[in-house]
Amino acid sequence: MEGLASLGTIPKVSFPPISSSIRRSKFLSRRLNCRPSMDALSRNSISVASSSSPISPAIRAQQTESEAGSAAASPVNESEENDLKVKEWEVGMFQDEVAASQGIRIRRRPPTGPPLHYVGPFQFRLQNEGNTPRNILEEIIWYKDKEVSQMKERRPLFSLKKDLDSAPPARDFLGALKAAYLRTNLPGLIAEVKKASPSRGVLREDFDPVEIAQAYEKGGAACLSVLTDEKFFQGSFENLQKIRNAGVECPLLCKEFVVDAWQIYYARSKGADAILLIAAVLPDLDIKYMTKICKMVGLTPLVEVHDEKEMDRMLAIEGIELIGINNRNLETFKVDISNTKKLLEGERGQKIREKNITIVGESGLFTPDDIAYVQEAGVKAVLVGESIVKQSDPTKGIAGLFGKDISA
């Protein structure tokens, strides 16, 4: 762990040294006290975890605890509340270790020390650069982690499952992209309904999500991406619902920063047909687990990668059918579309073709030459927002992007 400072054992409490991840996993599993009663959905979902990994019992226990969706009705006392904080902190620490071992640099939450009165094998404080996010994505994830925790308290999982019965039927997101590619011989367009971004600020002052979505559909978009993050992108789930209820037929991608499987159920209940999963944020076990959940509720997962290591991780996971290559550097926010070509060359490109994975080019696409470049590299779909949402007429913006009218 980075920034590990002083270590001191708790007086009068003896713990054997933890010499391996397996022994630490057992310790965490005991601390979690996972409920024995678990519905069939949770049991089936958890089974996707890899049994070969020594850390999977602890993570599976954490996922079971978070996804069970039911809490005791009776109030908890101060001691019980602190115990819950301890459990959450321990699991968070262990998740960070797992993520770091897979090359994930985005930390899930601030590296604060243990809760008050923490009793464990070691008592220590983390001392590094403090609780300052290292880049914009990390800042978003830290905020999202707190936001989702609050939303889960207001809308427990069991209530979301009930909402799925009345949600509009899921549409074939991947099928729509493939059909558009066959129809136009050009990458299927995922047009993004996006008001603002942290790097560019407000992109469109006269922002009407339904009007923009209808213009995209008229212009030949195969699917739409709807930003649902409020704080950083000025989006909302209300926009997603408005577009779905307005009769737009294009399948909808929920463009959210997913840190918890609860968000998948929530997106589906709001009418989403697909959802974004970011490899730079989610460890392999989470990707496997969430992909399984997506398929169970009818969502198409779009898994986003940024570099070779993330691509290799995702190609090693069975069941992934749609991968987006983001050409934006997470730390500098600079864009280089040659990143797409680099990630699709050689053995990686061969494996992608063998697995019949559809690749989506993301970020930095503004002209017909840009589209031709990524298509030649092996892309069969593109996700574009800024270059068309800023146009006074987004329908004409799509024609300008591709160099011709791609509407049906």
Self-check item: Geometric cation-pi criterion K255 and F233, 6.0 Å radius, 45° cone
Solution: no

Quiz item: Between the side chains of R353 and Q350, does any donor sit under 3.5 Å from an acceptor?
Solution: yes

Quiz item: Can a salt bridge be assigned to the pair E138 and R107 using a cut-off of 4.0 Å between side-chain N and carboxylate O?
Solution: yes

Practice problem: Report the C-alpha separation of E147 and K144 in whole Å, then their side-chain angles, then the decisive distance to 0.1 Å, and conclude whether the salt bridge (Lys or Arg N to Asp or Glu O under 4.0 Å) test is met. | Solution: CA-CA 5 Å; E147 181 184 67; K144 189 64 62 176; 2.8 Å; yes

Quiz item: Can you tell me how far CG of L276 sits from CD of E256, rounded to the nearest 0.5 angstrom?
Solution: 9.0 Å

Self-check item: Pair K231 + D229: basic N to acidic O under 4.0 Å
Solution: no

Exercise. Tell me, yes or no, whether the heavy-atom count around R200 atom CZ, taken from other residues, nucleotides or ligands under 6.0 Å, exceeds 12.
Key: no

Quiz prompt | Residue pairs involving residues 359-378 (criterion side chain to side chain donor-acceptor pair (under 3.5 Å); sequence neighbours excluded) | solution = N326-S363, T367-D370

Quiz prompt | Crowding at CD, E347 (>12 non-hydrogen neighbours, <6.0 Å) | solution = no

Quiz item: Near K218 NZ, under 6.0 Å, is it more than 12 heavy atoms from other residues, nucleotides or ligands?
Solution: no

Self-check item: Nearest non-hydrogen partners of V202 and A196, listed with the distance
Solution: CA-CB, 3.8 Å

Self-check item: Ring-ring centroid check F257 F232, cutoff 6.0 Å
Solution: no

Quiz prompt | Among I243, L227, N239, the one residue meeting side-chain contact (heavy atoms from CB on, under 4.5 Å) with V193 | solution = I243

Exercise. Please determine if R244 and D273 form a salt bridge, counting it only when a charged side-chain N lies under 4.0 Å from a carboxylate O.
Key: yes

Throw together a table of side-chain donor-acceptor distances under 3.5 angstrom for residues 394-408, partners on residues two or more places apart or in other chains.
| unit_1 | atom_1 | unit_2 | atom_2 | d |
| --- | --- | --- | --- | --- |
| T395 | OG1 | A215 | O | 2.8 |
| D405 | OD1 | S407 | N | 2.8 |
| D405 | OD1 | S407 | OG | 2.6 |
| D405 | OD2 | S407 | OG | 3.2 |

